[in-house]
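Step one of this worksheet: look at the structure below.
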There are 2 protein chains.
Amino acid sequence: MYKASIATENFIKAIYKGEQGNSMDTKPGTIAKELGITNAAATDMARKLAMKKLIDYEKYKELKLTPDGTKVALDVLRKHRLWETFLHQVLGLTMHEIHREAELLEHLTSDFLAEKISDFLGNPETDPHGDPIPTDDGEIPETDHSITLSMGEPGNTYKISRLSGSDKEFFDFCHSNKLEIGTSLTVQKHYIKTRMIEIEIQHTKLLLNIDLTNTIYIKKAD
Amino acid sequence: MYKASIATENFIKAIYKGEQGNSMDTKPGTIAKELGITNAAATDMARKLAMKKLIDYEKYKELKLTPDGTKVALDVLRKHRLWETFLHQVLGLTMHEIHREAELLEHLTSDFLAEKISDFLGNPETDPHGDPIPTDDGEIPETDHSITLSMGEPGNTYKISRLSGSDKEFFDFCHSNKLEIGTSLTVQKHYIKTRMIEIEIQHTKLLLNIDLTNTIYIKKAD
DNA sequence: AATTAAATTTAAGTATGCTTAAAAATATAA
DNA sequence: TTATATTTTTAAGCATACTTAAATTTAATT
Ligand SMILES: [Mn+2]
Ligand SMILES: [Mn+2]
Ligand SMILES: [Mn+2]
Ligand SMILES: [Mn+2]
């Protein structure tokens with residue numbers, strides 16, 4: 001299988017993230033900001049990846065992963081989430097610590113080692129954030145049916161299923177406001193103009209920014 | 001602290017290895033062969049590292065690590081050996097597997113994570129090969145007093161303390177000839193011309209090549 | 001629709017880490 | 001000691017992954 005460089009892997013992962021979530025697109029500028037590089041560098045990389053058939057690239061259009069590119073993304077994502085699970089369960093690292101370390105380790109982890117970690121953990125389907133772990137042949141266990149909190153309907157009650165942020169601030173905020181995986185919440189109201197959503201959780205009202213609620217996933221309480 | 005690239009870390013580690021063991025020097029050609037690069041590339045890298053004050057470099061002389069360079073070497077070596085110990089004890093990887101994986105992971109391991117691993121393992125002083133693990137402030141626990149098997153005196157009996165090879169062949173050979181850490185052996189005779197050493201181990205005579213005995217360390221049985 | 005703003009692309013340049021080929025220095029052997 | 005072989009260095013070049021600055025295209029405003 002094609003082995004990409006660290007820069008390439010991070011770039012492709014960023015495109016994948018943009019293709020999936022609703023919080024981000026796959027325009028070069030968006031990818032550039034995500035990775036902390038200039039727009040020029042992103043365009044440059046896009047041209048190179050297009051030549052390697054990892055993305056489809058038309059000038060001034062959004063970047064799109066090819067099947068080969070998607071395979072690279074899922075491979076790295078699998079290793080990322082296996083490391084997060086492992087570091088959390090075995091070494092007891094916190095939510096943002098596991099992400100920070102996995103962001104590095106994911107790039108120098110052999111398929112062999114990934115399998116060993118997966119076996120050790122009992123081949124888990126989700127990581128500690130609730131994100132699904134792709135299988136070694138690039139399938140995503142999407143028995144999930146969760147939606148982002150941004151999509152929650154007013155009046156309905158849900159359980160939090162995924163916290164897909166990455167930095168310390170995000171997890172600190174979630175923790176101090178009882179936004180934890182498994183906790184129930186009721187969506188109250190959408191404020192379109194101010195891009196806020198009002199929820200009630202643990203008898204407390206919260207007004208959350210859409211950018212935040214895009215990274216929080218919920219599931220109908222069964 | 002200065003963060004070196006992967007290529008730089010491997011290069012400096014190779015110099016360190018040459019400075020320590022008796023099996024290798026630190027001439028550019030030797031380092032190049034060790035790393036699988038050309039002599040030209042090694043000279044090139046030597047010039048760059050000299051500018052960064054990580055090595056002392058005089059043309060046509062051996063490469064010598066500065067104190068800063070040695071610090072880099074010990075930092076990477078610490079992470080390498082912590083990973084080897086961890087992967088062996090927790091995931092049950094074999095001797096050559098742990099080396100292969102640690103050779104990669106060592107470069108993308110934060111000081112933070114290294115400490116977590118060390119703590120988890122109870123701050124071990126040696127890795128599964130018997131090699132000492134440098135401390136986080138760059139000390140090597142050399143309470144060891146072991147010598148290479150090449151230095152063993154005829155008639156004396158020793159215990160094997162370290163197996164410092166790295167590839168599968170090496171460990172397969174050691175295993176099938178009972179060359180394991182802790183096993184006793186008696187040095188019989190040195191053959192200078194043919195560069196062989198005769199030993200007796202588990203009632204079996206073995207004739208070993210000097211290149212091999214340079215990577216096997218022994219200690220006077222106490 | 002025309003103007004302005006923002007995003008994207010191109011161009012030129014830099015640092016890293018390699019390569020091959022040729023030149024220079026050192027080591028080995030006759 | 002001189003010739004030969006080996007090692008080391010220099011030189012030129014290439015791919016990756018970035019930068020800044022300028023040109024171009026697209027998007028947003030008036
Ligand atoms: Mn993560
Ligand atoms: Mn990463
Ligand atoms: Mn090793
Ligand atoms: Mn390495």
Side-chain angles (χ1 to χ4, degrees), chain A residues 2-15 18-19 23-64 68-69 72-73 76 103-104 106-108 193 195, chain B residues 2-15 18-19 23-64 68-69 72-73 76 103-104 106-108 193 195:
Chain A
Y2 174 77
K3 175 61 180 139
S5 69
I6 293 178
T8 294
E9 287 187 348
N10 281 331
F11 196 89
I12 285 179
K13 235 181 48 172
I15 299 174
E19 282 183 349
S23 60
M24 199 181 134
D25 57 45
T26 66
K27 289 186 288 190
T30 312
I31 307 296
K33 190 169 286 176
E34 173 81 10
L35 297 175
I37 60 178
T38 60
N39 287 8
T43 300
D44 200 51
M45 181 65 100
R47 246 190 325 98
K48 286 172 191 162
L49 296 189
M51 290 195 300
K52 289 176 185 156
K53 309 277 185 201
L54 293 172
I55 69 171
D56 287 326
Y57 174 51
E58 283 181 84
K59 288 203 294 189
Y60 304 105
K61 298 273 168 63
E62 291 204 8
L63 311 181
K64 278 209 272 286
D68 275 6
V72 171
V76 182
E103 200 55 60
L104 299 175
E106 61 186 356
H107 306 292
L108 290 181
K193 282 176 303 188
R195 305 181 67 253
Chain B
Y2 175 76
K3 176 60 180 136
S5 69
I6 294 179
T8 294
E9 287 186 348
N10 281 330
F11 197 89
I12 285 179
K13 237 182 47 173
I15 299 175
E19 282 182 348
S23 59
M24 201 181 133
D25 57 46
T26 66
K27 289 186 285 187
T30 311
I31 306 296
K33 190 169 289 178
E34 173 80 9
L35 297 174
I37 60 178
T38 60
N39 286 9
T43 301
D44 200 50
M45 181 64 100
R47 248 191 323 99
K48 286 171 190 164
L49 296 190
M51 289 196 299
K52 291 176 185 156
K53 309 277 185 201
L54 292 172
I55 70 171
D56 287 327
Y57 175 50
E58 284 181 84
K59 288 201 298 191
Y60 304 106
K61 298 274 168 63
E62 291 205 9
L63 311 181
K64 276 209 275 284
D68 276 5
V72 172
V76 181
E103 199 56 59
L104 299 175
E106 61 185 358
H107 305 295
L108 291 181
K193 281 175 302 186
R195 305 181 66 253

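Hydrogens, waters and symmetry mates play no part in the numbers below; they use all other heavy atoms, side chains included. So that the names make sense, note that chain A is the first sequence line, chain B the second, and so on, each numbered from 1.
Among C/dG17, D/dC18, C/dA21, the nucleotide with an atom closest to any side-chain atom of A/Ala7 is D/dC18. Taking every side-chain heavy atom of B/Ile37 into account, C/dC18 is the closest of D/dT10, C/dC18, D/dT9. When distances run from any side-chain atom of B/Met45 to the nucleotides C/dG17, C/dT9, D/dT8, the shortest one goes to C/dG17.
Atom OH of B/Tyr2 and atom C1' of C/dT16 are 11 Å apart (whole Å). Rounded to whole angstrom, the span from the CD1 atom of A/Ile31 across to the P atom of D/dA17 amounts to 16 Å. The nearest whole Å value for the distance from the CD1 atom in A/Ile6 to the C1' atom in D/dA17 is 12 Å. Here D/dA15 presents its C1' atom at 11 Å from CG of A/Asp44, a figure rounded to the nearest Å. Taking atom NE2 on B/His107 and atom P on C/dT16, their separation rounds to 18 Å, with Å as the unit. When rounded to the nearest whole Å, the span between CG of A/Asn39 and P of D/dT26 equals 16 Å. Remark: P of C/dT9 and NZ of A/Lys27 are 11 Å apart, rounded to the nearest angstrom. Rounded to whole Å, atom P of C/dT16 lies 11 Å from atom CZ of B/Arg47.
For the pair A/Thr8 and A/Met45, the minimum side-chain heavy-atom distance is below 4.5 Å. When side chains are defined from C-beta on, B/Phe11 counts as touching B/Leu35, because their heavy atoms get closer than 4.5 Å. The closest side-chain heavy-atom distance from A/Ile15 to A/Lys64 is not below 4.5 Å. Looking at heavy atoms from C-beta onward, B/Lys13 lies out of side-chain contact with B/Val72 at the 4.5 angstrom threshold.
Here B/Thr8 reaches the OP1 or OP2 of C/dG17: one of its side-chain N or O atoms lies under 4.0 Å away. The phosphate of D/dT19 (OP1 or OP2) has a side-chain N or O of A/Thr38 nearer than 4.0 angstrom.
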Verdict with reasoning, A/Lys48 to A/Asp44, per side-chain contact (heavy atoms from CB on, under 4.5 Å): CA-CA 7 Å; A/Lys48 286 172 191 162; A/Asp44 200 51; 3.1 Å; yes
Kindly determine whether A/Thr43 and A/Arg47 satisfy side-chain contact (heavy atoms from CB on, under 4.5 Å), including the steps that lead there. CA-CA 6 Å; A/Thr43 300; A/Arg47 246 190 325 98; 5.5 Å; no
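The closest donor-acceptor contact from the side chain of B/Thr26 to the backbone of B/Leu63 lies under 3.5 Å.
Residue A/Lys48 is classed as a base contact, given a heavy-atom separation below 4.0 Å to a base. B/Ala42 comes within 4.0 angstrom of no nucleic acid atom, judged by non-hydrogen atoms across all strands.
A heavy atom lying under 4.0 Å from DNA chain C marks the following residues of residues 49-60 of chain B, by number: B/Lys52, B/Tyr60.
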